Amino acid sequence: MTETAPRRRDSERTKADIVKVATKEFADKGFAGARVDEIAAKTHTTKRMIYYYYGDKDGLYQAVLEASYGRIRRLEQKVTHIADDPVAALRHVAEITFDHHDRNPDFIRIVAGENILRASHLKHAAGVGRLGNPALDVLSRILESGREKGVFRTDVDALDVHLAISSFCFFRVANRFSWKTLFDRDLAATDQRIHQRRMIGNMIVAYLTDTSTLD
């Protein structure tokens, strides 16, 4: 047992390192352009070892997708105040998503690339449901709590809210350079980041708490 545990830890560290480097390679070069040989060289391992862990390039890419989505899902599970203050919880989800996307541009490029491929790899990822469902579970609980308290509108569901938050947070990272070229405004500048982070929270809360348009 004393020998097995260190080997297991070394294996997990090696796999984590491979996924980290592979994430950067797939983000920079896309699925077609990324090379397993380069990933092996940068992780000081071998192509054979990568295939031992992941089967093939497709398996490695699916591992990257699962790890990339898994990080934001774990952050969402840490949202608090759902029962006692659903408005604060809702704002927290928006800010968590904003911060994650802002700090992880490789995630944005990975997702954009996978959409170009029409999610052909994502749909075959192991446990694909857990890559999306936890976000909806959190938002559903927040909406339910807010409606019980009479502060949230009733004509939107968790997926609507997830779409609104994700769209804003994704766009500002994915389109930063074209936006700067077209409008001469750097969405990543510190003042803009602070403004946008506050704005997405305000927008989502304002929409969900506006019950004036309901019958």
Side-chain angles (χ1 to χ4, degrees), residues 1-80 92-139 162 165-166 169-170 172-174 176 188 193 197:
M1 290 179 66
T2 56
E3 294 181 358
T4 301
R7 285 201 300 270
R8 186 180 297 113
R9 287 195 295 270
D10 288 342
S11 174
E12 291 304 313
R13 281 195 293 266
T14 299
K15 291 171 69 175
D17 190 33
I18 290 170
V19 169
K20 180 179 178 180
V21 172
T23 297
K24 183 67 175 174
E25 288 293 305
F26 285 124
D28 287 345
K29 301 170 185 176
F31 176 78
R35 296 288 178 264
V36 177
D37 288 324
E38 292 185 29
I39 296 170
K42 291 179 179 179
T43 53
H44 305 292
T45 185
T46 64
K47 187 175 182 179
R48 180 179 178 182
M49 181 61 72
I50 292 176
Y51 284 168
Y52 171 77
Y53 285 132
Y54 300 105
D56 53 19
K57 183 179 178 181
D58 287 73
L60 176 58
Y61 183 64
Q62 287 181 15
V64 166
L65 288 171
E66 292 175 29
S68 297
Y69 277 98
R71 280 188 286 274
I72 180 61
R73 297 292 91 93
R74 287 191 293 274
L75 290 173
E76 291 161 346
Q77 298 306 304
K78 297 180 180 180
V79 172
T80 58
H92 194 185
V93 171
E95 292 173 348
I96 281 176
T97 306
F98 184 97
D99 290 342
H100 172 271
H101 289 12
D102 182 71
R103 295 167 184 166
N104 295 277
D106 285 348
F107 171 76
I108 303 301
R109 289 186 286 177
I110 288 285
V111 174
E114 180 61 5
N115 274 279
I116 291 174
L117 298 174
R118 303 190 180 191
S120 58
H121 295 87
L122 186 60
K123 67 180 63 174
H124 297 299
V128 64
R130 73 172 186 270
L131 302 183
N133 291 343
L136 302 185
D137 291 342
V138 170
L139 285 169
H162 185 58
I165 295 173
S166 295
C169 297
F170 193 98
R172 64 173 293 276
V173 179
R176 171 189 172 188
R193 183 189 179 281
R197 188 177 190 270

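A quick note: this is a predicted structure, and the numbers were derived from the prediction, not measured. For this chain, numbers begin at 1 and follow the sequence in order.
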Query - Verdict with reasoning, Y53 to L60, per side-chain contact (heavy atoms from CB on, under 4.5 Å) - result: CA-CA 8 Å; Y53 285 132; L60 176 58; over 6 Å; no

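- Residues A188 and R172 approach most closely at CA-NH2, 4.1 Å, considering heavy atoms.
- Between R197 and D102 there is no salt bridge, since none of the side-chain N atoms of the basic residue sits less than 4.0 Å from a carboxylate O of the acidic one.
- Taking 4.5 Å as the limit, some side-chain heavy atom of I50 sits within range of a side-chain heavy atom of T45.
- How far CD1 of I18 is from CE of M49: 7.5 Å, rounded to the nearest 0.5 Å.
- Note that CD of E95 is 10.0 Å distant from CD1 of I165, once rounded to the nearest 0.5 Å.
- When atom types are taken as modelled, the side chain of K57 and the backbone of F31 share a donor-acceptor pair closer than 3.5 angstrom.
- At a threshold of 4.5 Å between non-hydrogen side-chain atoms, the residues T23 and V19 count as touching.
- Electrostatic pairing of K15 and D10 does not count as a salt bridge here, judged by no charged N lying under 4.0 Å from a carboxylate O.
- Under a 3.5 Å cut-off, the side chain of R35 and the backbone N or O of A32 do form a donor-acceptor pair.
- Across all non-hydrogen atoms, the minimal contact from V173 to H101 is CG2-O, 3.5 Å.
- Interatomic distance, CD of E114 versus NZ of K123, reported as 9.0 Å (0.5 Å rounding).
- Y52 contributes atom OH, which lies 12.0 Å from atom OG1 of T46 (distance to the nearest 0.5 angstrom).
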Report task. Please step through side-chain contact (heavy atoms from CB on, under 4.5 Å) for the pair L65 and F26, ending with a clear verdict. Result -> CA-CA 10 Å; L65 288 171; F26 285 124; over 6 Å; no

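- Heavy-atom contacts from other residues, nucleotides or ligands closer than 6.0 Å to NZ of K29 number more than 12.
- Checked against Y69 for a side chain to side chain contact (heavy atoms under 4.5 Å, CB included), the options V64, I110, L131 give a single hit: L131.
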Return all side-chain donor-acceptor pairs below 3.5 angstrom for residues 115-122, not counting sequence neighbours, or 'none' if the list is empty.
| residue | atom | partner | partner atom | Å |
| --- | --- | --- | --- | --- |
| N115 | ND2 | V111 | O | 2.9 |
| S120 | OG | L117 | O | 3.2 |
| H121 | NE2 | D58 | OD2 | 3.2 |

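- Proximity of K24 to K42: side-chain heavy atoms (C-beta onward) are nowhere separated by under 4.5 Å.
- Counting heavy atoms from C-beta outward, N104 and I72 have side chains that stay 4.5 Å or more apart.
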Query raised in the report: Can you check salt bridge (Lys or Arg N to Asp or Glu O under 4.0 Å) on R73 and D137, steps first, answer last?
Result: CA-CA 10 Å; R73 297 292 91 93; D137 291 342; over 6 Å; no

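- The minimum heavy-atom distance linking A94 with C169 is given by the pair O-SG, 4.2 Å.
- In this structure, I96 and E76 approach most closely via the heavy-atom pair CG2-N, 4.5 Å.
- Taking all atoms of both residues into account, the shortest heavy-atom contact from S68 to H100 is O-NE2, 4.5 Å.
- For the residue pair Y54 and Q62, no side-chain donor N or O sits within less than 3.5 Å of a side-chain acceptor on the partner.
- R193 approaches F98 most closely through the heavy-atom pair O-CZ, 3.5 Å.
- A salt bridge links D106 with R109: at least one charged nitrogen is closer than 4.0 Å to a carboxylate oxygen.
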